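Just so you know, these numbers come straight off a predicted model, no measurement behind them. Every chain is numbered from 1 and lettered A, B, ... according to where its sequence line falls, protein lines coming before strand lines.
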Number of protein chains: 2
Amino acid sequence: MVPAMTDKSRYHHGDLRHALLQAGLSLLEEQGLDGLSLRAVAARAGVSHAGPAHHFATLKHLLTALAAIAFERFVAAMDDARGRAGPDPRSQLAATGDGYVTFATANPQLFRLMFSATRLDWSDAHLQETARAARQQLADVCEPVAALRGIATPGGREQLQLLVWSVVHGYAHLLLSGQLHDASCATRAPPRPDLESLLFGPP
Amino acid sequence: MVPAMTDKSRYHHGDLRHALLQAGLSLLEEQGLDGLSLRAVAARAGVSHAGPAHHFATLKHLLTALAAIAFERFVAAMDDARGRAGPDPRSQLAATGDGYVTFATANPQLFRLMFSATRLDWSDAHLQETARAARQQLADVCEPVAALRGIATPGGREQLQLLVWSVVHGYAHLLLSGQLHDASCATRAPPRPDLESLLFGPP
DNA sequence: CATTAATCTTGACAACGACAAGATGAGGAT
DNA sequence: ATCCTCATCTTGTCGTTGTCAAGATTAATG
């Protein structure tokens, strides 16, 4: 049985792992990835600086768990966007790509964490699975488009997936790195690449 | 006059700023971006831990200067690739995009540094200028392609530039973050998006 | 040659990740 | 009910880091 959460003065937290993840997510939003330290997470969760050690041996383990959560939300966001779009293949693909970019701009810190290669442990099974689900989400909406365009070979489909993924990922990353906010696009909002006209030609 | 470089036992270094940048570049290659500390750079340059302070007030300043150097090499690499290609617009664009990706894979640490938004000071004039030159490099090779495809409006050209930039940047970033090395592309080398067939249609 | 200012060193501090050793108490065994 | 076991959390410490302050050294200037 889980101890009463109202009792603040107890030695064992009761659900520290979950509390650490929540603290990590909120700190990530507020302070960014660089301001997220094990000690800060521990403090926000109300435990001592070495409290997390038993649940997350190292900072990389905590970040990996957070990244897996981020990938889950990422997939859910793309799924939502796809569900709100029309049933035709091009609408489905465009909506998913839009969901990709929209998630990145709405959750820049989560997105940055998800693709910060050196900070994560990619041998972790949960992270691998959630990241694979995100890839699959894009592949799923690419399939009908490939069929529509008469792309039959596996290599052709792979090319299409890679192209779509590269475009949305590159655009999202350029947005987050601030490369589209200066000089050329000073006043107005940065333009957005049009996936539909890219894949189906200008109307 | 620059003091003799052979005299090892002297208080003033003589060209510490340059030595720090060189030490930073070599450390970046060997240890990666995370292993690059001010103290390590100072040690490699042969000065005390607070030696860099006068030339680079903070770590962000040093990284910014290194990123500017990286952008210069980046532009030179794309320029080289473009020079070795045929004169027709599509070859020029394909070669430049190829140079973009090739530089990223050949200098992953430099590339990572260039686009690590939070670690750099983007108000720095030198960094802004070198990054602008890199953007211009892509815009230059996009222009003839836009003309060839009958794209006349500024918005259309901007769309093309943004598309090309997103594709090459996204692909480079996916490569560096290791997203293309697992599961689906286990054994063989990861595929490469074909800029030419993308922009000019399959032959 | 004397003064000034730039340059580098030494020393210190707070924050960090990580480790070790001990305190606490929850849950099962008896 | 009592004891035991072990997961859980705390306290203390170490080495490293970025940054600041104060002093030492020397180049440059007049």
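If you measure from atom CG of D34(B) to atom P of dT17(D), you get 13 Å, rounded to the nearest angstrom. Atom P of nucleotide dA7(D) and atom CZ of R17(A) are separated by 16 Å, given to the nearest angstrom. For the pair H49(A) NE2 and dT13(D) P, the interatomic distance rounds to 11 Å; values are reported in whole Å. Separating the CZ atom of R39(B) from the P atom of dA14(C) is a distance of 15 Å, rounded to the nearest angstrom. Rounding to whole angstrom units, CG of residue L59(A) and P of dT17(D) are separated by 16 Å. Rounded to whole Å, the distance from CG on L16(B) to P on dT7(C) is 10 Å. Remark: C1' of dG18(D) and NE2 of H61(B) are 13 Å apart, rounded to the nearest angstrom. dC16(C) atom P lies 13 Å from atom CZ of R44(A), rounded to whole Å.
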Before giving the answer on side-chain hydrogen bond (donor to acceptor under 3.5 Å, both in side chains), spell out for D79(B) and Q137(B) the whole-Å C-alpha distance, their side-chain angles and the decisive distance to 0.1 Å. CA-CA 8 Å; D79(B) 207 49; Q137(B) 184 86 356; 3.2 Å; yes

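Proximity of H54(B) to the phosphate of dC8(C): no side-chain N or O atom is located under 4.0 Å from OP1 or OP2. In terms of phosphate contacts, H55(A) brings no side-chain nitrogen or oxygen within less than 4.0 Å of OP1 or OP2 of dA7(D). The side chain of T58(A) places an N or O atom within less than 4.0 Å of a non-bridging phosphate oxygen (OP1 or OP2) of dA18(C). The side chain of S48(B) places no N or O atom within less than 4.0 Å of a non-bridging phosphate oxygen (OP1 or OP2) of dC8(C).
Q92(A) places a side-chain N or O within donor-acceptor distance of the main-chain N or O of G86(A), the cut-off being under 3.5 Å.
Here the closest non-hydrogen pair linking G97(A) and V168(A) is CA-CG1, 3.8 Å.
Atoms CG and CG, on L63(B) and D124(B) in that order, are 12.0 Å from each other to the nearest 0.5 Å.
Projected onto DNA chain C by closest heavy-atom contact, A40(A) and G51(B) fall at different nucleotides, the more 5' of which corresponds to G51(B).
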